[in-house]
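Notes follow once the structure below has been shown.
Computed from a prediction, not measured in an experiment: that's the story for all the values here.
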Number of protein chains: 2
Amino acid sequence: MVELEIAIDRSSPIPLYHQVASAFDKAIRDGVLPPETKLENEISLAKRYNLSRPTMRQAMDQLVRDGLVVRRRGVGTQVIGPPVRRNLRLSSLYNDLQDEGADPETQVLTLETITAEESISEQLGLPKGAEVYHLKRLRLVDNRPLALMENWLPLTVATLTREGLESDGLYNILRRAGVDFRMAQQKVGADIANHEQASRLKVDVGSALVVMERTGLDSSGTPVEFGHHVYRADRYSFDIMLMN
Amino acid sequence: MVELEIAIDRSSPIPLYHQVASAFDKAIRDGVLPPETKLENEISLAKRYNLSRPTMRQAMDQLVRDGLVVRRRGVGTQVIGPPVRRNLRLSSLYNDLQDEGADPETQVLTLETITAEESISEQLGLPKGAEVYHLKRLRLVDNRPLALMENWLPLTVATLTREGLESDGLYNILRRAGVDFRMAQQKVGADIANHEQASRLKVDVGSALVVMERTGLDSSGTPVEFGHHVYRADRYSFDIMLMN
DNA sequence: TTCAATCAAATGTCATGACAAACTGTCATA
DNA sequence: TATGACAGTTTGTCATGACATTTGATTGAA
């Protein structure tokens with residue numbers, strides 16, 4: 001049974017439940033609250049931090065959803081082991097977007113506007129024959145090729161330039177254009193390298209590739225991007241944490 | 001603005017917020033509430049069903065988490081388009097476990113107890129040199145091979161027999177033994193088929209395979225299963241819906 | 001006409017109070 | 001000794017009430 005000292009700022013615009021949840025989140029990830037630790041019950045926790053019970057519960061619910069603690073009625077709340085730790089869910093799946101165009105270098109091979117094939121315009125929810133951006137990029141890490149990325153975007157979401165893509169990265173350009181990008185439908189499969197892929201990725205023809213197709217959606221469910229990426233299988237895999 | 005008629009049973013053991021959420025969930029998936037539909041505001045919804053506002057909110061929160069609706073402060077609640085629809089999150093990732101051993105047939109190739117290699121015992125959180133079940137199965141769909149599945153389980157979680165596995169499937173055996181199986185850490189990559197895999201899966205040596213490694217955990221985060229599965233890339237891929 | 005201020009509507013946050021249900025351990029009884 | 005009843009603890013569910021914040025539309029003035 002461990003008590004945690006945290007500072008709560010009632011004048012902050014950050015919701016109280018979020019302040020509490022973040023503090024516990026950090027404490028757990030930092031090892032201040034090691035796995036198996038039993039937390040105080042929510043009533044006394046609420047009292048300790050001068051919060052109402054619903055607010056305390058809201059914080060705890062978030063920790064449960066993030067896979068940091070388990071709660072059992074009549075028993076209490078326990079810190080869960082490290083294998084779970086959600087959070088990573090995005091890192092591996094989004095990192096082609098999130099990383100800037102800098103250290104993990106991204107070369108823009110192609111940037112053009114084309115009339116979309118039917119399969120593409122369908123994925124993007126556009127009328128048949130609509131114009132879209134088409135870009136092809138090569139991702140390098142430590143100067144070694146990792147992925148060949150092909151993306152299609154509606155012309156309306158943002159203005160893309162080769163310079164912008166190389167300096168800021170696709171994700172930042174979209175964000176500045178007011179795109180949330182909060183959901184994505186992904187499909188992960190496999191294939192073997194053809195000639196172009198092999199030469200770009202510096203592997204033999206016939207090598208294993210991880211294939212990922214993604215439709216990126218904003219918070220209202222409108223498609224903003226469709227991507228077809230192939231990764232060197234010897235250097236990349238997708239990590240996923242499932243819950244519930 | 002659409003009003004939905006639903007029946008709420010206050011004497012049911014099912015929580016009210018869950019009854020409401022399920023009803024909306026069904027209505028949306030059945031098309032009774034098509035995408036873009038604007039829902040009534042939560043105050044009048046609560047009044048309509050004789051619920052308190054927090055209860056109504058709890059129901060709505062669940063719909064948001066499941067990717068069925070979007071809420072915007074000052075605006076309202078809208079039904080989201082079908083590309084999102086969470087739920088599938090498990091189907092494609094768990095189906096090797098969930099399906100029974102019947103129609104999508106599963107052949108048990110190997111069932112034995114062995115001393116675990118270090119990498120396996122580590123994944124399962126067992127001491128070095130611990131005994132574990134080791135099973136190798138072939139999954140067929142429409143009488144055509146789909147996947148070669150290799151799994152390791154602690155001896156303590158359940159008692160496995162070849163007959164049980166073939167008639168009931170691994171998932172049901174575990175469930176009957178009182179295992180929740182609520183979380184999983186998965187890694188999805190690619191490889192090319194070696195001789196054994198090729199002959200089992202009836203593909204050429206060097207064909208593309210989807211490789212999946214999974215550690216299955218119960219609700220308290222204790223590992224209950226580790227699996228290494230390879231799928232024919234021409235017949236299988238993983239669908240994932242990401243949110244937030 | 002255009003822009004800014006204001007107002008209404010909707011969700012977000014927070015508090016207090018109450019009862020229900022599940023689990024654990026203890027104690028009494030057979 | 002073993003089993004069942006009971007009480008205590010803790011989370012789960014639900015209600016009522018209040019104020020804050022964001023958004024969109026309306027209104028008014030320049």
Notebook entry, point to check: Rounded to the Å, how far apart are A:Gln78 CD and C:dC23 P?
Noted result: 15 Å

Item checked: Inter-axis angle, terminal five-pair segments of the helix from C:dT1-D:dA30 to C:dA30-D:dT1 [nearest 10°] -> 10°

Checklist line | Value in whole Å for how far the P atom of D:dT9 lies from CD of A:Glu40 | finding: 15 Å

Next item on the list: Give the rounded distance in Å between these two atoms: CG of B:Leu39 and C1' of C:dA9.
Entry: 16 Å

Notebook entry, point to check: Can a side chain N or O of B:Thr77 be found less than 4.0 Å away from OP1 or OP2 on C:dA10?
Noted result: no

Note to self: I need the CZ-P distance between B:Arg57 and D:dT13, as an integer number of Å.
What the structure shows: 17 Å

Margin query: I need the CG-C1' distance between B:Asn41 and C:dA8, as an integer number of Å.
Written below: 12 Å

Next item on the list: Remember a base hit wins even if backbone is also touched, and classify B:Arg72 as base, sugar-phosphate or nothing at under 4.0 Å, heavy atoms.
Entry: sugar-phosphate

Check: Is a donor on one side and an acceptor on the other found under 3.5 Å between the side chain of B:Thr222 and the backbone of B:Asp218?
Finding: no

Note to self: With a 4.0 Å cutoff (strictly under), does any side-chain N or O of A:Arg71 reach OP1 or OP2 of D:dT11?
What the structure shows: yes

Notebook entry, point to check: What is the ring orientation for A:Phe226 with A:Trp152, classed by angle as parallel under 30°, tilted 30 to 60°, or perpendicular over 60°?
Noted result: tilted

Next item on the list: Tell me, please, which residues at least two apart from B:His228 pass ring-ring contact (aromatic ring centres under 6.0 Å, His included).
Entry: none

Check: C:dT11 P sits how many Å from B:Arg73 CZ, rounded?
Finding: 11 Å

Note to self: I'd like to know if A:Arg29 and A:Asp25 make a salt bridge, using a cut-off of under 4.0 Å between side-chain N and carboxylate O.
What the structure shows: yes

Next item on the list: May I ask you to decide whether B:Arg214 forms a salt bridge with B:Glu225, counting only side-chain N to carboxylate O separations under 4.0 Å?
Entry: yes

Check: Is B:Arg137 salt-bridged to B:Glu150, going by a charged N under 4.0 Å from an acidic O?
Finding: no

Next item on the list: Look only at the side chain of A:Tyr133 and the backbone of A:Leu160, and say whether a donor-acceptor pair between them is shorter than 3.5 Å.
Entry: yes

Margin query: When you compare the side chains of A:Thr215 and A:Gln123, does any donor N or O come within less than 3.5 Å of an acceptor on the partner?
Written below: yes

Checklist line | For atom CD of B:Glu42 and atom C1' of C:dT13, their distance in whole Å | finding: 11 Å

Notebook entry, point to check: CD1 of B:Ile43 versus C1' of C:dT13: gap in Å, rounded?
Noted result: 13 Å

Enumerate the protein-to-nucleotides 14-17 of chain C contacts in which both atoms are nitrogen or oxygen and the separation is below 3.5 Å.
| unit_1 | atom_1 | unit_2 | atom_2 | d |
| --- | --- | --- | --- | --- |
| C:dC14 | OP1 | A:Leu16 | N | 2.5 |
| C:dC14 | OP2 | A:Leu16 | N | 3.1 |
| C:dC14 | OP2 | A:Tyr17 | N | 3.4 |
| C:dC14 | O3' | A:Arg10 | NH2 | 3.4 |
| C:dA15 | OP1 | A:Arg10 | NH2 | 2.6 |
| C:dA15 | OP2 | A:Ser52 | N | 2.9 |
| C:dA15 | OP2 | A:Ser52 | OG | 2.9 |
| C:dA15 | OP2 | A:Thr55 | OG1 | 2.7 |

Check: Is the closest basic N to carboxylate O distance between B:Glu42 and B:Arg71 below 4.0 Å?
Finding: yes

